[in-house]
Protein chains: 2
Amino acid sequence: MTDEDPVSRYTVRSVAKAFRLLSMVAEAPAEGVTLSEVSQHMGMSKSAAYGLVRTLLDADYLYAREPGPRYCLGTALVWLGDIASRRLPLRDITAPILARLSQQTGLTIRVARVDDGHPVFINRVDAVGAVRFHTPLGVRELPHTSAAGKAILAALPDAEVERIAAECGLPRRTRKTITEVPALLADITVARRRGYAIDDEEDFEGVFCVAAAFFDHDGGCAGALSATGIKVDLPAWRIEELGRMVRAGADEVTGLLGGRPRDREV
Amino acid sequence: MTDEDPVSRYTVRSVAKAFRLLSMVAEAPAEGVTLSEVSQHMGMSKSAAYGLVRTLLDADYLYAREPGPRYCLGTALVWLGDIASRRLPLRDITAPILARLSQQTGLTIRVARVDDGHPVFINRVDAVGAVRFHTPLGVRELPHTSAAGKAILAALPDAEVERIAAECGLPRRTRKTITEVPALLADITVARRRGYAIDDEEDFEGVFCVAAAFFDHDGGCAGALSATGIKVDLPAWRIEELGRMVRAGADEVTGLLGGRPRDREV
DNA sequence: GCATGCCGTGCGGTAATACCGAACGAAAGA
DNA sequence: TCTTTCGTTCGGTATTACCGCACGGCATGC
């Protein structure tokens, strides 16, 4: 084996495998996976998979649900995830604003931080009695299919938007997804004037989002707030109202971050 | 090496080390840890620690905060923790009740599930503007120092309580912690009559908790709801009111679980 | 009732590996 | 300027994790 592996020379392979296993369980149905499924998907023998699973069980990263047994994500991940998310400064700062917006609007409110032009949602508050959207946290999302992503793009110069678009390729998610760079730039230009970005069924059919970006002390975009609802519940006047509320919430976050809002930009 | 290790023959050692490292970072200050600290605390060479850290960085289980660099828990853990906690059925069922109780009381409301007589908190809703308590999720807690723990114990027969008490040894946390089995049984007996359990500065100085258990279709205790506040803010009449509200919330959870509430028990 | 898969569990042997030690450039402190 | 400490990199080797194989249990099908 003289060829160059995709893994660095310093990668501990067993650990990387364990993480691949956890990702596989996370993406599998909630009932969990069997040992044989693990050995198949991981391309390793059953006995090797058994050792790996046992290690994860002992550490509470997995737990065995009888009968089967089927393996599911364990409480150690709840523990670590709670600590990790609490230590994101943005989360603490924005939590009360999310709660207030959720009460005011009756919608699901989320906050994303920026990762190289892409949104990573780090918290979510579901309104009581509202539709629950199963949107993941902690994942780098596509920038062009969510309102939060477009609000973040709108804070960047057009050249940067084009670079990011070329990088991720603007894949289609629904029939309304913007898949061409000029259309994306046009949409962003409107968002800059309006003060908030809109996702009109561009990520999921029937789902509508409104988002506004906030900025830190550098004047750089630090993230975005978004409100998510079912499209049929949102007439035009309601969308404008939501836009103003989200915009106001984002400005408040900007203030708490010691930042300065930009003129004529989201 | 013919001696019996504490780890099973099937334990993948590198993976266990990676988990120990994550636990270490989780218990360290929020600013993160340096590579040298890792190699020291883990008892391994710097180069080995470097390989491990690089692996965790590549998988987003850690991220490097400049300068230093200092290593902190990464967004992959936020992702996995979010999925793991969403898949706990109790969490979805109780979420709206937590939110309502939090609004009604202005306190932090938590829900714990039962793990062999011990409470494991799986969700928490902080009231807006209230004091934030940094209580971890997903950890097996001591049963005798929290209101939720005592509410769970109150649902068990005395013999079982004595077994659990012998197992964990009733360690002291504050000067008010109950450290003797007879006193614990007496406290639990009162809780059974009253319908809710109380933690009066037995876990943290100045912190007061009220909790009530809920039950599943077997009639077994499935967990408990608790309300947490600063002691000076809670006169006696307020505590009684809180107890009734938490009790009512727990009964509601019991109903949603298809369970039946017990007579004269928490 | 018997055969037949399939699953989870255990055990050697060996090829793959993760670890140690040493060394280097850079940055911070004396 | 000198010293210390940090993160990083690189061979060599002892450790190891993996594969193949076999066994017991549990359903399913004939």
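Lettering of chains follows the sequences in order, A, B, ..., and the numbering in each one begins at 1.
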Protein-nucleotide distance ([X], atom [atom1]; [N], atom [atom2]), rounded to Å:
X	N	atom1	atom2	result
Leu52(B)	dG7(D)	CG	P	15 Å
Arg13(A)	dC19(D)	CZ	P	14 Å
Tyr50(B)	dC10(D)	OH	P	10 Å

- Please work out which residues in residues 55-64 of chain B have a non-hydrogen atom less than 4.0 Å from an atom of DNA chain C and list them by number. none
- Within residues 25-46 of chain A: residues closer than 4.0 Å to DNA chain C (heavy atoms): Thr34(A), Leu35(A), Ser36(A), Lys46(A)
- So does Arg54(B) get a side-chain nitrogen or oxygen closer than 4.0 Å to the phosphate oxygens (OP1/OP2) of dT9(D)? yes
- Enter the inter-axis angle for the ends of the helix from dG1(C)-dC30(D) to dA28(C)-dT3(D) (five pairs per end, rounded to 10°). 40°
- Message: For Tyr50(B), give me all partners under ring pair (Phe, Tyr, Trp, His ring centres under 6.0 Å), at least two apart in sequence or on another chain.
- Response: Tyr10(A)
- Query: What pairs with Tyr71(A) under ring pair (Phe, Tyr, Trp, His ring centres under 6.0 Å), at least two apart in sequence or on another chain?
  - Reply: none
- Would you check, one step at a time, whether the test side-chain contact (heavy atoms from CB on, under 4.5 Å) holds for Leu80(B) with Tyr61(B)? CA-CA 10 Å; Leu80(B) 286 170; Tyr61(B) 279 62; 3.1 Å; yes
- Query: Do Asp115(B) and Arg113(B) come close enough that some side-chain heavy atom pair is under 4.5 Å?
  - Reply: yes
- Compare all side-chain heavy atoms of Leu52(B) with those of Val38(B) and state whether any distance is below 4.5 angstrom. no
- Task: Show your working on side chain to side chain donor-acceptor pair (under 3.5 Å) between Ser45(A) and Ser47(A) and close with a plain yes or no.
- Result: CA-CA 5 Å; Ser45(A) 68; Ser47(A) 49; 3.3 Å; yes
- Between Pro143(B) and Cys168(B), what is the shortest heavy-atom contact and its length? CD-SG, 3.9 Å
For residues 86-93 of chain A, dump all side-chain donor-acceptor pairs below 3.5 Å to protein atoms at least two apart in sequence or in another chain.
residue: Arg86(A); atom: NH1; partner: His134(B); partner atom: ND1; Å: 2.8
residue: Arg87(A); atom: NH1; partner: Val25(B); partner atom: O; Å: 3.1
residue: Arg87(A); atom: NH2; partner: Ala26(B); partner atom: O; Å: 2.6
residue: Arg87(A); atom: NH2; partner: Ala28(B); partner atom: O; Å: 2.9
residue: Arg91(A); atom: NH1; partner: Ile122(A); partner atom: O; Å: 2.9

Checking [X] now: which residues fulfil salt bridge (charged side-chain N to carboxylate O under 4.0 Å, His left out) with it, not counting sequence neighbours?
X	value
Asp60(B)	none
Arg70(B)	Glu37(B)
Glu160(B)	Arg163(B)

- Task: Could I get the full list of side-chain contact (heavy atoms from CB on, under 4.5 Å) partners for His217(A), not counting sequence neighbours?
- Result: none
- Results of side-chain hydrogen bond (donor to acceptor under 3.5 Å, both in side chains) for Asp216(A) - residues two or more places apart only: none
- Task: Let me know, please, whether Tyr71(A) or Ser47(B) comes out on the 5' side of the other along DNA chain C by nearest nucleotide.
- Result: Tyr71(A)
- Query: Reading DNA chain C 5' to 3', which nucleotide is the first, and which the last, to come under 4.0 Å of any heavy atom in chain B?
  - Reply: dG10(C) to dG21(C)
